[in-house]
Amino acid sequence: MVVATMERPAIAGGTPVRTAPLASIGDSSGRDVGDEELAQLTEVIRSGALNRNNGTKVQALEAAWAERHGVRFATAATSGTAAIHVALGALHLEPGDEVITTPITDWGTVGPILAQNCVPVFADIDPRTYCLDPEQAAAAITPRTRAIIAVHLMGQPCNMDAFLDLSRRHNLYLIEDCAQAHFATWRGQVVGSIGDIGCFSLQQSKVITTGDGGMTTTDDPELGMGLAFFQDKGWSRGRVIQGMRVYKRFGLNYRMTELQGAVALAQLAKGDRLAAHRRKIAAHITAGIADVPGVHPPYVAPQAVSSYWHYMPTIDPDVLGVGGAEFAKALSAEGIGTGAGYAAALYLQDMFQRKQVFGTSHFPFDYGDRNLDDVDYSPGLCPVSEKLADSTRSNSMRLPCHEGITEADADDMVKAITKVAHYFAER
Ligand SMILES: Cc1ncc(COP(=O)(O)O)c(C=O)c1O
(Lines give C-alpha, C1' and ligand atoms only; values in the text may rest on other atoms or scores of the structure.)
Protein backbone atom coordinates (compact mmCIF):
# COMPACT_ATOMS: atom_id res chain seq x y z
CA MET A 1 0.00 0.00 0.00
CA VAL A 2 1.28 3.44 0.90
CA VAL A 3 4.98 3.44 1.68
CA ALA A 4 6.67 5.92 4.00
CA THR A 5 8.44 8.48 1.90
CA MET A 6 11.10 11.04 2.53
CA GLU A 7 9.52 13.26 -0.09
CA ARG A 8 9.65 16.99 0.44
CA PRO A 9 6.29 18.15 1.74
CA ALA A 10 4.35 20.89 0.01
CA ILE A 11 5.06 23.34 2.86
CA ALA A 12 8.75 22.98 2.03
CA GLY A 13 8.27 23.40 -1.70
CA GLY A 14 7.43 19.77 -2.59
CA THR A 15 4.57 18.58 -4.79
CA PRO A 16 1.23 18.29 -2.95
CA VAL A 17 -0.27 14.79 -2.67
CA ARG A 18 -3.37 16.04 -4.44
CA THR A 19 -4.82 19.18 -5.94
CA ALA A 20 -8.38 17.98 -6.64
CA PRO A 21 -10.67 18.97 -3.78
CA LEU A 22 -12.12 16.17 -1.65
CA ALA A 23 -15.85 15.61 -1.99
CA SER A 24 -17.91 17.95 0.18
CA ILE A 25 -20.57 16.97 2.68
CA GLY A 26 -22.25 20.23 1.68
CA ASP A 27 -23.39 19.06 -1.76
CA SER A 28 -24.02 16.07 -3.99
CA SER A 29 -20.28 15.31 -4.29
CA GLY A 30 -20.35 13.99 -0.74
CA ARG A 31 -23.99 13.09 -0.15
CA ASP A 32 -25.88 10.01 -1.20
CA VAL A 33 -29.08 11.87 -1.99
CA GLY A 34 -30.87 11.00 -5.21
CA ASP A 35 -33.53 8.85 -6.77
CA GLU A 36 -34.81 7.20 -3.58
CA GLU A 37 -35.31 10.58 -1.91
CA LEU A 38 -36.90 11.98 -5.08
CA ALA A 39 -39.36 9.09 -5.29
CA GLN A 40 -40.46 9.63 -1.69
CA LEU A 41 -40.68 13.39 -2.19
CA THR A 42 -42.67 13.04 -5.37
CA GLU A 43 -45.29 11.03 -3.51
CA VAL A 44 -45.60 13.80 -0.94
CA ILE A 45 -45.86 16.56 -3.53
CA ARG A 46 -48.47 14.68 -5.54
CA SER A 47 -50.46 13.95 -2.39
CA GLY A 48 -50.63 17.64 -1.52
CA ALA A 49 -50.31 16.68 2.15
CA LEU A 50 -47.21 18.53 3.31
CA ASN A 51 -47.94 18.62 7.04
CA ARG A 52 -47.24 15.64 9.27
CA ASN A 53 -50.76 15.61 10.61
CA ASN A 54 -52.17 15.19 7.12
CA GLY A 55 -49.61 12.90 5.57
CA THR A 56 -48.00 9.52 6.23
CA LYS A 57 -44.24 9.96 5.70
CA VAL A 58 -43.26 11.38 9.09
CA GLN A 59 -45.31 8.74 10.84
CA ALA A 60 -43.69 6.06 8.70
CA LEU A 61 -40.28 7.55 9.51
CA GLU A 62 -41.03 7.46 13.23
CA ALA A 63 -42.13 3.83 13.05
CA ALA A 64 -39.08 2.78 11.01
CA TRP A 65 -36.73 4.79 13.25
CA ALA A 66 -38.15 3.19 16.41
CA GLU A 67 -37.83 -0.26 14.85
CA ARG A 68 -34.22 0.31 13.73
CA HIS A 69 -33.33 1.46 17.24
CA GLY A 70 -35.21 -1.28 19.03
CA VAL A 71 -37.40 1.13 21.02
CA ARG A 72 -41.14 1.64 21.11
CA PHE A 73 -41.28 5.38 20.45
CA ALA A 74 -39.61 7.77 18.04
CA THR A 75 -40.67 11.35 17.45
CA ALA A 76 -39.52 13.56 14.59
CA ALA A 77 -38.61 17.22 15.00
CA THR A 78 -37.35 20.11 12.89
CA SER A 79 -33.69 19.90 13.96
CA GLY A 80 -31.29 18.25 16.36
CA THR A 81 -31.57 21.31 18.58
CA ALA A 82 -35.35 20.92 18.57
CA ALA A 83 -34.93 17.22 19.38
CA ILE A 84 -32.89 18.06 22.48
CA HIS A 85 -35.55 20.59 23.49
CA VAL A 86 -38.29 18.03 22.90
CA ALA A 87 -36.39 15.57 25.12
CA LEU A 88 -35.96 18.08 27.93
CA GLY A 89 -39.56 19.19 27.51
CA ALA A 90 -40.71 15.64 28.23
CA LEU A 91 -38.97 15.57 31.62
CA HIS A 92 -41.05 18.04 33.70
CA LEU A 93 -37.96 19.91 34.83
CA GLU A 94 -38.25 22.78 37.31
CA PRO A 95 -36.76 26.19 36.56
CA GLY A 96 -33.25 26.26 38.02
CA ASP A 97 -32.75 22.49 37.74
CA GLU A 98 -29.32 21.50 36.54
CA VAL A 99 -28.41 19.45 33.51
CA ILE A 100 -24.84 18.19 33.22
CA THR A 101 -23.19 18.02 29.83
CA THR A 102 -19.93 18.53 27.95
CA PRO A 103 -18.65 21.93 26.85
CA ILE A 104 -17.41 20.33 23.61
CA THR A 105 -20.58 20.07 21.62
CA ASP A 106 -22.81 22.04 19.32
CA TRP A 107 -24.90 24.85 20.73
CA GLY A 108 -27.89 22.63 20.01
CA THR A 109 -27.10 20.53 23.09
CA VAL A 110 -27.02 23.47 25.44
CA GLY A 111 -29.41 26.12 24.08
CA PRO A 112 -32.45 23.93 24.88
CA ILE A 113 -31.34 23.56 28.52
CA LEU A 114 -31.54 27.33 28.86
CA ALA A 115 -34.75 27.49 26.84
CA GLN A 116 -36.26 25.09 29.37
CA ASN A 117 -35.21 27.52 32.16
CA CYS A 118 -32.59 25.15 33.45
CA VAL A 119 -28.90 25.61 34.19
CA PRO A 120 -26.24 23.88 32.09
CA VAL A 121 -23.43 22.46 34.23
CA PHE A 122 -20.29 21.64 32.30
CA ALA A 123 -17.98 18.74 33.10
CA ASP A 124 -14.76 17.93 31.31
CA ILE A 125 -14.20 15.37 28.57
CA ASP A 126 -12.18 12.16 28.48
CA PRO A 127 -8.84 13.03 26.84
CA ARG A 128 -8.93 9.82 24.79
CA THR A 129 -12.44 9.88 23.31
CA TYR A 130 -13.25 13.59 23.78
CA CYS A 131 -16.67 12.48 25.08
CA LEU A 132 -18.03 13.62 28.47
CA ASP A 133 -15.96 11.95 31.21
CA PRO A 134 -18.24 10.03 33.62
CA GLU A 135 -16.00 10.78 36.60
CA GLN A 136 -16.04 14.49 35.87
CA ALA A 137 -19.81 14.34 35.41
CA ALA A 138 -20.15 12.54 38.76
CA ALA A 139 -18.14 15.27 40.46
CA ALA A 140 -20.50 17.90 39.03
CA ILE A 141 -23.67 16.38 40.52
CA THR A 142 -25.49 18.58 43.08
CA PRO A 143 -28.89 18.22 44.77
CA ARG A 144 -30.33 20.23 41.84
CA THR A 145 -29.06 17.88 39.12
CA ARG A 146 -31.89 16.22 37.19
CA ALA A 147 -30.34 15.00 33.96
CA ILE A 148 -27.14 14.25 32.10
CA ILE A 149 -26.77 14.78 28.36
CA ALA A 150 -24.05 12.41 27.16
CA VAL A 151 -22.85 13.57 23.73
CA HIS A 152 -21.42 10.84 21.52
CA LEU A 153 -18.80 13.02 19.86
CA MET A 154 -17.48 12.41 16.34
CA GLY A 155 -19.37 9.12 16.13
CA GLN A 156 -17.77 7.73 19.32
CA PRO A 157 -20.16 6.46 21.98
CA CYS A 158 -19.63 7.75 25.51
CA ASN A 159 -18.84 5.23 28.25
CA MET A 160 -22.45 4.12 28.62
CA ASP A 161 -21.75 1.56 31.36
CA ALA A 162 -20.54 4.36 33.57
CA PHE A 163 -23.33 6.77 32.61
CA LEU A 164 -26.08 4.19 33.16
CA ASP A 165 -24.61 3.39 36.57
CA LEU A 166 -24.28 7.06 37.47
CA SER A 167 -27.76 8.02 36.38
CA ARG A 168 -29.35 5.07 38.21
CA ARG A 169 -27.44 5.71 41.43
CA HIS A 170 -28.41 9.38 41.46
CA ASN A 171 -31.88 9.01 39.98
CA LEU A 172 -31.08 11.19 36.98
CA TYR A 173 -32.46 11.12 33.47
CA LEU A 174 -29.86 10.06 30.93
CA ILE A 175 -30.23 11.70 27.52
CA GLU A 176 -27.99 10.55 24.69
CA ASP A 177 -27.09 13.21 22.15
CA CYS A 178 -26.49 11.06 19.08
CA ALA A 179 -26.40 13.97 16.61
CA GLN A 180 -22.90 12.93 15.48
CA ALA A 181 -23.17 9.18 16.02
CA HIS A 182 -26.05 7.54 14.15
CA PHE A 183 -25.77 3.74 14.25
CA ALA A 184 -22.73 3.70 16.56
CA THR A 185 -22.97 0.96 19.18
CA TRP A 186 -21.96 0.33 22.77
CA ARG A 187 -21.71 -3.38 23.66
CA GLY A 188 -23.60 -4.06 20.45
CA GLN A 189 -26.53 -1.80 21.36
CA VAL A 190 -27.24 1.09 19.04
CA VAL A 191 -26.88 4.57 20.54
CA GLY A 192 -30.16 6.31 21.24
CA SER A 193 -31.61 3.14 22.75
CA ILE A 194 -29.40 2.95 25.84
CA GLY A 195 -30.34 5.97 27.97
CA ASP A 196 -33.84 7.27 28.77
CA ILE A 197 -34.08 9.35 25.61
CA GLY A 198 -31.95 9.49 22.46
CA CYS A 199 -31.70 12.61 20.30
CA PHE A 200 -30.50 12.82 16.72
CA SER A 201 -29.79 15.54 14.17
CA LEU A 202 -30.51 15.14 10.47
CA GLN A 203 -28.75 18.36 9.50
CA GLN A 204 -26.79 18.52 6.24
CA SER A 205 -23.44 17.29 7.63
CA LYS A 206 -24.72 14.35 9.67
CA VAL A 207 -24.41 10.62 8.95
CA ILE A 208 -27.84 10.75 7.30
CA THR A 209 -29.61 13.98 6.46
CA THR A 210 -32.79 15.70 5.47
CA GLY A 211 -31.15 19.14 5.30
CA ASP A 212 -32.36 20.01 8.76
CA GLY A 213 -34.28 17.66 10.99
CA GLY A 214 -34.18 15.77 14.26
CA MET A 215 -35.43 12.62 15.98
CA THR A 216 -35.98 11.52 19.56
CA THR A 217 -36.26 7.94 20.79
CA THR A 218 -37.41 6.30 24.00
CA ASP A 219 -38.72 3.00 25.22
CA ASP A 220 -40.70 4.59 28.05
CA PRO A 221 -44.40 5.16 27.26
CA GLU A 222 -44.72 8.19 29.56
CA LEU A 223 -41.65 9.83 28.05
CA GLY A 224 -42.85 8.81 24.58
CA MET A 225 -46.08 10.68 25.18
CA GLY A 226 -44.14 13.69 26.49
CA LEU A 227 -42.00 13.76 23.34
CA ALA A 228 -45.05 13.58 21.09
CA PHE A 229 -46.81 16.42 22.93
CA PHE A 230 -43.80 18.72 22.99
CA GLN A 231 -42.98 18.33 19.28
CA ASP A 232 -46.53 19.40 18.52
CA LYS A 233 -48.45 22.03 20.43
CA GLY A 234 -49.10 20.08 23.58
CA TRP A 235 -52.71 19.17 22.86
CA SER A 236 -54.13 15.72 22.50
CA ARG A 237 -55.28 15.71 18.89
CA GLY A 238 -58.66 14.19 18.46
CA ARG A 239 -59.56 14.83 22.09
CA VAL A 240 -61.93 17.74 22.31
CA ILE A 241 -63.94 18.34 25.46
CA GLN A 242 -67.09 20.47 25.26
CA GLY A 243 -66.02 21.79 21.87
CA MET A 244 -62.61 22.90 23.14
CA ARG A 245 -59.11 21.60 22.46
CA VAL A 246 -57.32 20.31 25.55
CA TYR A 247 -53.78 21.64 25.88
CA LYS A 248 -52.28 19.10 28.24
CA ARG A 249 -48.64 20.11 28.01
CA PHE A 250 -46.40 22.94 26.89
CA GLY A 251 -45.28 22.45 23.28
CA LEU A 252 -43.60 24.63 20.67
CA ASN A 253 -44.51 23.12 17.32
CA TYR A 254 -41.28 21.47 16.25
CA ARG A 255 -43.21 19.37 13.74
CA MET A 256 -41.18 17.88 10.90
CA THR A 257 -42.79 18.45 7.52
CA GLU A 258 -43.72 15.62 5.19
CA LEU A 259 -41.05 16.90 2.79
CA GLN A 260 -38.34 16.39 5.40
CA GLY A 261 -39.93 13.13 6.47
CA ALA A 262 -39.88 11.76 2.91
CA VAL A 263 -36.16 12.45 2.49
CA ALA A 264 -35.39 11.15 5.98
CA LEU A 265 -37.26 7.93 5.27
CA ALA A 266 -35.13 7.29 2.17
CA GLN A 267 -31.97 8.21 4.07
CA LEU A 268 -32.80 5.91 6.99
CA ALA A 269 -33.03 2.99 4.57
CA LYS A 270 -29.43 3.76 3.52
CA GLY A 271 -28.18 4.51 7.00
CA ASP A 272 -26.45 1.25 7.84
CA ARG A 273 -24.72 1.15 4.49
CA LEU A 274 -23.53 4.76 4.86
CA ALA A 275 -22.25 4.12 8.39
CA ALA A 276 -20.48 0.97 7.16
CA HIS A 277 -18.76 3.05 4.49
CA ARG A 278 -17.52 5.48 7.14
CA ARG A 279 -16.13 2.57 9.15
CA LYS A 280 -14.43 1.17 6.09
CA ILE A 281 -12.74 4.47 5.30
CA ALA A 282 -11.73 4.94 8.93
CA ALA A 283 -10.27 1.43 9.11
CA HIS A 284 -8.37 2.10 5.90
CA ILE A 285 -6.76 5.26 7.29
CA THR A 286 -6.05 3.61 10.65
CA ALA A 287 -4.29 0.69 8.98
CA GLY A 288 -2.40 3.05 6.69
CA ILE A 289 -0.98 5.23 9.48
CA ALA A 290 -0.23 2.37 11.91
CA ASP A 291 3.54 2.75 11.58
CA VAL A 292 3.68 6.50 11.08
CA PRO A 293 5.73 8.17 13.83
CA GLY A 294 3.91 10.53 16.21
CA VAL A 295 0.40 10.06 14.76
CA HIS A 296 -2.36 8.22 16.63
CA PRO A 297 -5.70 7.11 15.15
CA PRO A 298 -8.87 8.08 17.06
CA TYR A 299 -9.21 5.99 20.21
CA VAL A 300 -12.28 3.75 20.22
CA ALA A 301 -13.18 1.92 23.46
CA PRO A 302 -13.28 -1.89 23.12
CA GLN A 303 -17.03 -1.89 23.92
CA ALA A 304 -17.74 0.66 21.17
CA VAL A 305 -18.20 0.77 17.44
CA SER A 306 -17.89 4.32 16.14
CA SER A 307 -19.74 5.71 13.15
CA TYR A 308 -16.97 8.25 12.49
CA TRP A 309 -18.78 11.49 11.89
CA HIS A 310 -15.24 12.63 11.25
CA TYR A 311 -11.95 10.80 11.52
CA MET A 312 -9.94 12.56 14.23
CA PRO A 313 -6.27 11.60 14.56
CA THR A 314 -4.03 13.12 17.21
CA ILE A 315 -0.35 13.90 16.86
CA ASP A 316 2.37 13.69 19.47
CA PRO A 317 4.36 16.97 19.55
CA ASP A 318 7.16 15.30 21.54
CA VAL A 319 7.82 12.99 18.60
CA LEU A 320 7.16 15.44 15.79
CA GLY A 321 8.44 18.66 17.31
CA VAL A 322 5.34 20.57 16.16
CA GLY A 323 1.80 21.04 17.45
CA GLY A 324 -1.51 20.26 15.78
CA ALA A 325 -1.84 23.67 14.12
CA GLU A 326 1.44 23.34 12.24
CA PHE A 327 0.76 19.71 11.32
CA ALA A 328 -2.74 20.59 10.05
CA LYS A 329 -1.30 23.44 8.00
CA ALA A 330 1.15 21.03 6.38
CA LEU A 331 -1.64 18.53 5.65
CA SER A 332 -3.74 21.28 4.09
CA ALA A 333 -0.81 22.18 1.86
CA GLU A 334 -0.86 18.55 0.67
CA GLY A 335 -4.47 19.05 -0.46
CA ILE A 336 -6.04 17.47 2.65
CA GLY A 337 -7.76 20.51 4.09
CA THR A 338 -8.01 20.45 7.87
CA GLY A 339 -7.41 22.49 10.99
CA ALA A 340 -6.48 21.67 14.56
CA GLY A 341 -9.08 21.43 17.32
CA TYR A 342 -12.83 21.26 17.42
CA ALA A 343 -15.73 23.41 18.59
CA ALA A 344 -15.59 25.89 21.48
CA ALA A 345 -15.62 25.30 25.21
CA LEU A 346 -19.15 26.61 25.50
CA TYR A 347 -18.97 28.05 29.03
CA LEU A 348 -16.31 30.50 27.80
CA GLN A 349 -18.96 32.19 25.65
CA ASP A 350 -19.89 35.66 26.82
CA MET A 351 -23.44 34.62 27.69
CA PHE A 352 -22.13 32.19 30.32
CA GLN A 353 -19.36 34.46 31.53
CA ARG A 354 -21.95 37.17 32.23
CA LYS A 355 -24.62 34.62 33.21
CA GLN A 356 -27.03 36.69 31.19
CA VAL A 357 -29.23 34.98 28.62
CA PHE A 358 -32.67 36.52 28.84
CA GLY A 359 -32.51 40.33 28.51
CA THR A 360 -30.70 41.99 31.39
CA SER A 361 -31.84 39.35 33.89
CA HIS A 362 -29.67 36.59 35.33
CA PHE A 363 -32.49 34.08 35.10
CA PRO A 364 -32.27 31.11 35.56
CA PHE A 365 -28.84 31.32 37.23
CA ASP A 366 -30.24 33.27 40.19
CA TYR A 367 -33.74 31.79 40.21
CA GLY A 368 -35.41 30.80 43.51
CA ASP A 369 -32.88 29.78 46.10
CA ARG A 370 -30.07 29.75 43.56
CA ASN A 371 -27.16 32.16 43.90
CA LEU A 372 -25.43 33.48 40.85
CA ASP A 373 -22.16 31.80 41.80
CA ASP A 374 -23.74 28.38 42.43
CA VAL A 375 -22.59 27.35 38.99
CA ASP A 376 -18.99 27.72 37.86
CA TYR A 377 -18.15 28.81 34.33
CA SER A 378 -14.65 30.08 35.11
CA PRO A 379 -11.95 29.82 32.47
CA GLY A 380 -9.89 26.74 33.32
CA LEU A 381 -12.96 24.77 34.52
CA CYS A 382 -12.50 21.99 31.93
CA PRO A 383 -8.85 22.04 30.81
CA VAL A 384 -9.09 19.08 28.41
CA SER A 385 -12.04 20.70 26.64
CA GLU A 386 -10.37 24.08 26.50
CA LYS A 387 -7.30 22.59 24.88
CA LEU A 388 -9.31 20.67 22.28
CA ALA A 389 -11.29 23.80 21.41
CA ASP A 390 -8.18 25.94 21.02
CA SER A 391 -6.92 25.62 17.45
CA THR A 392 -3.50 26.92 18.53
CA ARG A 393 -3.08 24.26 21.26
CA SER A 394 -5.04 21.20 20.14
CA ASN A 395 -3.11 18.26 18.70
CA SER A 396 -6.16 16.68 17.06
CA MET A 397 -7.62 17.39 13.65
CA ARG A 398 -10.69 16.40 11.69
CA LEU A 399 -10.56 14.50 8.43
CA PRO A 400 -13.66 13.71 6.38
CA CYS A 401 -14.80 10.10 6.01
CA HIS A 402 -18.31 10.47 4.62
CA GLU A 403 -19.84 8.59 1.70
CA GLY A 404 -18.15 10.83 -0.86
CA ILE A 405 -14.69 9.78 0.35
CA THR A 406 -13.27 6.86 -1.61
CA GLU A 407 -10.50 4.44 -0.66
CA ALA A 408 -8.27 6.32 -3.12
CA ASP A 409 -9.01 9.53 -1.17
CA ALA A 410 -8.20 7.69 2.06
CA ASP A 411 -4.90 6.58 0.48
CA ASP A 412 -4.14 10.23 -0.27
CA MET A 413 -4.83 11.11 3.36
CA VAL A 414 -2.49 8.35 4.51
CA LYS A 415 0.14 9.47 2.04
CA ALA A 416 -0.10 13.08 3.18
CA ILE A 417 -0.01 12.18 6.88
CA THR A 418 2.96 9.86 6.31
CA LYS A 419 4.89 12.41 4.31
CA VAL A 420 4.27 15.27 6.73
CA ALA A 421 4.95 13.17 9.86
CA HIS A 422 8.25 11.85 8.52
CA TYR A 423 9.29 15.35 7.52
CA PHE A 424 8.66 16.74 10.99
CA ALA A 425 10.01 13.72 12.85
CA GLU A 426 13.22 13.52 10.87
CA ARG A 427 14.13 17.12 10.12
C1 LIG B 1 -23.60 17.00 19.21
C2 LIG B 1 -24.66 17.84 18.57
N3 LIG B 1 -25.79 18.08 19.25
C4 LIG B 1 -26.80 18.81 18.72
C5 LIG B 1 -26.70 19.33 17.46
C6 LIG B 1 -27.79 20.18 16.94
O7 LIG B 1 -28.34 19.69 15.76
P8 LIG B 1 -28.97 20.67 14.66
O9 LIG B 1 -27.86 21.39 13.99
O10 LIG B 1 -29.69 19.73 13.76
O11 LIG B 1 -29.90 21.58 15.36
C12 LIG B 1 -25.55 19.09 16.69
C13 LIG B 1 -25.44 19.61 15.32
O14 LIG B 1 -24.46 20.13 14.90
C15 LIG B 1 -24.50 18.34 17.27
O16 LIG B 1 -23.38 18.09 16.58
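The structure presented is a predicted model; accordingly, all values stated were derived computationally and were not measured.
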May I ask you to check whether over 12 heavy atoms, not counting those of [X], lie within 6.0 Å of atom [atom1]?
X: Asn371; atom1: CG; value: yes
X: Lys387; atom1: NZ; value: no
X: Glu67; atom1: CD; value: no
X: Arg169; atom1: CZ; value: yes
X: Gln189; atom1: CD; value: yes
X: Asn171; atom1: CG; value: no

Assess the side chains of [X] and [Y]: does a donor N or O sit below 3.5 Å from an acceptor N or O?
X: Thr102; Y: Tyr130; answer: no
X: Asn395; Y: Thr314; answer: no
X: Asp409; Y: Thr406; answer: yes
X: Asp220; Y: Thr218; answer: no
X: Asp411; Y: His284; answer: yes

Measure the [atom1]-[atom2] distance between [X] and [Y] for me, rounded to the nearest 0.5 Å.
X: Thr78; Y: Asn253; atom1: OG1; atom2: CG; answer: 8.0 Å
X: Ile149; Y: Thr105; atom1: CD1; atom2: OG1; answer: 8.5 Å
X: Ile194; Y: Thr217; atom1: CD1; atom2: OG1; answer: 10.0 Å
X: Ser201; Y: Ile208; atom1: OG; atom2: CD1; answer: 10.0 Å
X: Met154; Y: Tyr311; atom1: CE; atom2: OH; answer: 13.5 Å
X: Arg398; Y: Thr338; atom1: CZ; atom2: OG1; answer: 7.5 Å

Next item on the list: Check step by step if side-chain contact (heavy atoms from CB on, under 4.5 Å) holds for Tyr173 and Val99.
Entry: CA-CA 9 Å; Tyr173 287 108; Val99 178; over 6 Å; no

Any idea which heavy atoms bring [X] and [Y] closest together, and the distance?
X: Cys131; Y: Leu153; answer: SG-N, 3.5 Å
X: Val292; Y: Gly288; answer: CG2-O, 4.2 Å
X: Val357; Y: Met351; answer: CG2-CG, 3.5 Å
X: Val322; Y: Ile315; answer: O-CD1, 3.5 Å

Any heavy-atom pair between the side chains of [Y] and [X] that's under 4.5 Å?
X: Thr129; Y: Cys158; value: no
X: Leu223; Y: Asp196; value: yes
X: Glu386; Y: Arg393; value: yes
X: Lys355; Y: Tyr377; value: yes
X: Ile141; Y: Leu166; value: yes
X: Glu176; Y: Ile197; value: no
X: Arg187; Y: Met160; value: no
X: Leu88; Y: Ile175; value: yes

Notebook entry, point to check: Would Asn51 and Arg255 satisfy side-chain contact (heavy atoms from CB on, under 4.5 Å), going step by step from the backbone distance to the final call?
Noted result: CA-CA 8 Å; Asn51 172 285; Arg255 291 190 306 253; 3.6 Å; yes

Hey, can you tell me if [X] and [Y] have their rings parallel, tilted or perpendicular (30° and 60° cut-offs)?
X: Trp309; Y: Tyr342; answer: perpendicular
X: Tyr347; Y: Phe122; answer: tilted
X: Phe230; Y: Tyr254; answer: tilted
X: Phe352; Y: Trp107; answer: tilted
X: Trp65; Y: His69; answer: parallel

Next item on the list: Go through Ile405 and Leu22 one step at a time and tell me if the side-chain contact (heavy atoms from CB on, under 4.5 Å) criterion holds.
Entry: CA-CA 7 Å; Ile405 301 296; Leu22 290 166; 4.2 Å; yes

Below 4.0 angstrom, N of the basic side chain to O of the carboxylate: do [X] and [Y] qualify?
X: Arg52; Y: Glu62; result: yes
X: Arg249; Y: Glu222; result: yes
X: Asp369; Y: Arg144; result: yes
X: Arg68; Y: Asp272; result: yes

Notebook entry, point to check: Is a side-chain donor or acceptor of Gln267 paired with a backbone partner of Asp32 at a separation under 3.5 angstrom?
Noted result: yes

Next item on the list: Evaluate side-chain contact (heavy atoms from CB on, under 4.5 Å) for Ile289 paired with Met413, printing each intermediate quantity in order.
Entry: CA-CA 9 Å; Ile289 63 173; Met413 291 186 212; over 6 Å; no

